[in-house]
Amino acid sequence: MKMFVNFFIIILFMSAIKIYVQTETIDCEYNKNTWAFWSKKIYYCSVKNSDIFSNKLKVKIDGSIGQHLNGFSSNDQVEGISIGGATNMTNFPSNIENVFPNLIAIGIYMVNLTHVTSEDLKPFTKLKVLYLIGNHIESIPENLFIHNQDLEVIRLDFNKIQDIDKNAFIHLKKLRTLHLFGNTCTSLGNADNRDAVLKTIKKIEQDVCNSDIKTDENSPEKEI
Ligand SMILES: *[C@@H]1O[C@H](CO)[C@@H](O)[C@H](O)[C@H]1NC(C)=O
Ligand SMILES: *[C@@H]1O[C@H](CO)[C@@H](O)[C@H](O)[C@H]1NC(C)=O
């Protein structure tokens with residue numbers, strides 16, 4: 001009987017995972033162009049069927065269709081992926097790195113993405129440009145970019161960020177554009193050169209975006 005129950009639990013667990021992760025193929029329109037705040041041209045896939053992400057907890061990308069531009073023949077040459085449009089993306093998509101192994105630029109914008117984890121960004125060790133503009137991201141934890149030491153451009157403008165860990169950006173020695181305008185924490189704007197980025201990082205070190213501290217100030221429990 002016990003064995004039967006265990007078996008049943010395993011089956012239940014497996015079907016839950018199946019519902020949790022859904023596999024989809026992306027349909028690419030390829031372009032070679034500059035991205036805002038990144039002057040070099042990037043060969044990138046602009047995802048046409050972004051609706052594949054709607055109403056799914058986690059999407060695993062198993063491949064791509066779409067015709068490469070003249071002079072390009074392989075996904076190894078793709079340097080960027082851009083996902084935007086009418087879709088609600090709950091979690092950062094997985095397995096992109098196995099479809100496009102050489103990404104230096106990722107743009108996921110205006111799809112109401114609520115959070116990103118360091119595990120999501122871990123495969124992209126060569127990442128230089130990350131756009132997450134116009135989403136619903138609320139916090140930037142300490143180790144979010146720990147695997148992405150080459151980042152030069154991060155755009156998080158127009159999210160709902162209220163918490164930024166003091167050390168979130170400190171280790172990114174190449175960062176020269178950091179956009180944080182239009183968030184719940186209004187103390188930070190957009191920085192477009194290394195000096196301005198260092199000033200922003202200094203402000204963040206002083207904990208200007210920490211919702212705990214703000215609630216603590218008014219919280220009577222603090223006195224106890
Ligand atoms: C994002 O969420 C807002 C509500 O907060 C909604 O109005 C908007 O349509 C959503 N965006 C997309 C792309 O569905
Ligand atoms: C996304 O979700 C919001 C509600 O949170 C809804 O209003 C909107 O229509 C959804 N968009 C799409 C494209 O499904």
Side-chain angles (χ1 to χ4, degrees), residues 15-31 33-38 42 44-66 78-97 99-100 103 105-121 123-124 127 129-141 144-145 153-165 168 177-190 208-212 214-215:
S15 38
I17 287 179
K18 207 168 153 207
I19 294 162
Y20 182 69
V21 180
Q22 297 203 21
T23 304
E24 298 283 354
T25 304
I26 50 172
D27 186 2
C28 289
E29 180 180 301
Y30 289 102
N31 291 288
N33 219 328
T34 56
W35 286 19
F37 303 94
W38 181 258
I42 299 170
Y44 67 96
C45 160
S46 176
V47 174
K48 283 195 284 182
N49 58 339
S50 59
D51 57 302
I52 56 172
F53 299 105
S54 269
N55 308 313
K56 288 170 196 151
L57 268 181
K58 189 84 184 164
V59 172
K60 179 179 174 196
I61 297 174
D62 67 347
S64 66
I65 55 166
V78 177
E79 297 167 298
I81 183 169
S82 150
I83 304 172
T87 194
N88 282 316
M89 191 186 285
T90 308
N91 284 291
F92 202 91
S94 73
N95 204 44
I96 302 176
E97 70 279 10
V99 179
F100 301 126
L103 291 183
I106 296 176
I108 297 181
Y109 51 90
M110 295 193 275
V111 294
N112 291 348
L113 184 66
T114 53
H115 61 276
V116 182
T117 66
S118 62
E119 214 43 42
D120 294 328
L121 298 176
F124 309 106
L127 199 64
V129 183
L130 180 64
Y131 284 16
L132 296 168
I133 309 156
N135 286 302
H136 290 174
I137 296 167
E138 291 180 7
S139 73
I140 306 296
L144 183 55
F145 305 110
V153 177
I154 298 177
R155 297 190 64 192
L156 288 160
D157 21 345
F158 301 106
N159 274 278
K160 298 185 178 210
I161 297 168
Q162 49 187 348
D163 283 304
I164 304 181
D165 184 273
T177 297
L178 175 57
H179 285 191
L180 288 162
F181 182 80
N183 279 288
T184 308
C185 169
T186 53
S187 316
L188 303 165
N190 293 345
V208 294
C209 290
N210 182 336
S211 66
D212 286 345
K214 279 178 206 126
T215 40

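Counting convention: from 1, in listed order, for ligands and their atoms alike.
- Contacts of Y44 classified as ring pair (Phe, Tyr, Trp, His ring centres under 6.0 Å), with partners at least two apart in sequence or in another chain: W35.
- H179 pairs in a ring pair (Phe, Tyr, Trp, His ring centres under 6.0 Å) with only one of the listed residues (F37, F158, Y109), which is F37.
- Annotation: ring pair (Phe, Tyr, Trp, His ring centres under 6.0 Å) contacts of F145 (sequence neighbours excluded): F169.
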Less than 3.5 Å apart, N/O on ligand 1 and N/O on the protein: could you list those pairs with the distances?
{"from": "ligand 1", "atom 1": "2 (O)", "to": "N112", "atom 2": "ND2", "distance (Å)": "2.3"}
{"from": "ligand 1", "atom 1": "11 (N)", "to": "N112", "atom 2": "ND2", "distance (Å)": "3.0"}
{"from": "ligand 1", "atom 1": "14 (O)", "to": "N88", "atom 2": "OD1", "distance (Å)": "3.2"}

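- Sequence neighbours left out, the pairs with a member in residues 105-121 that pass salt bridge (Lys or Arg N to Asp or Glu O under 4.0 Å) are K58-D120.
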>> With side chain to side chain contact (heavy atoms under 4.5 Å, CB included) as the criterion, how do N135 and V116 come out once you've worked through the C-alpha distance, each side chain's angles and the decisive distance to 0.1 Å?
In response: CA-CA 11 Å; N135 286 302; V116 182; over 6 Å; no
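- For the residue pair D62 / T25, a side-chain donor-acceptor distance below 3.5 Å is found, with atom types taken as modelled.
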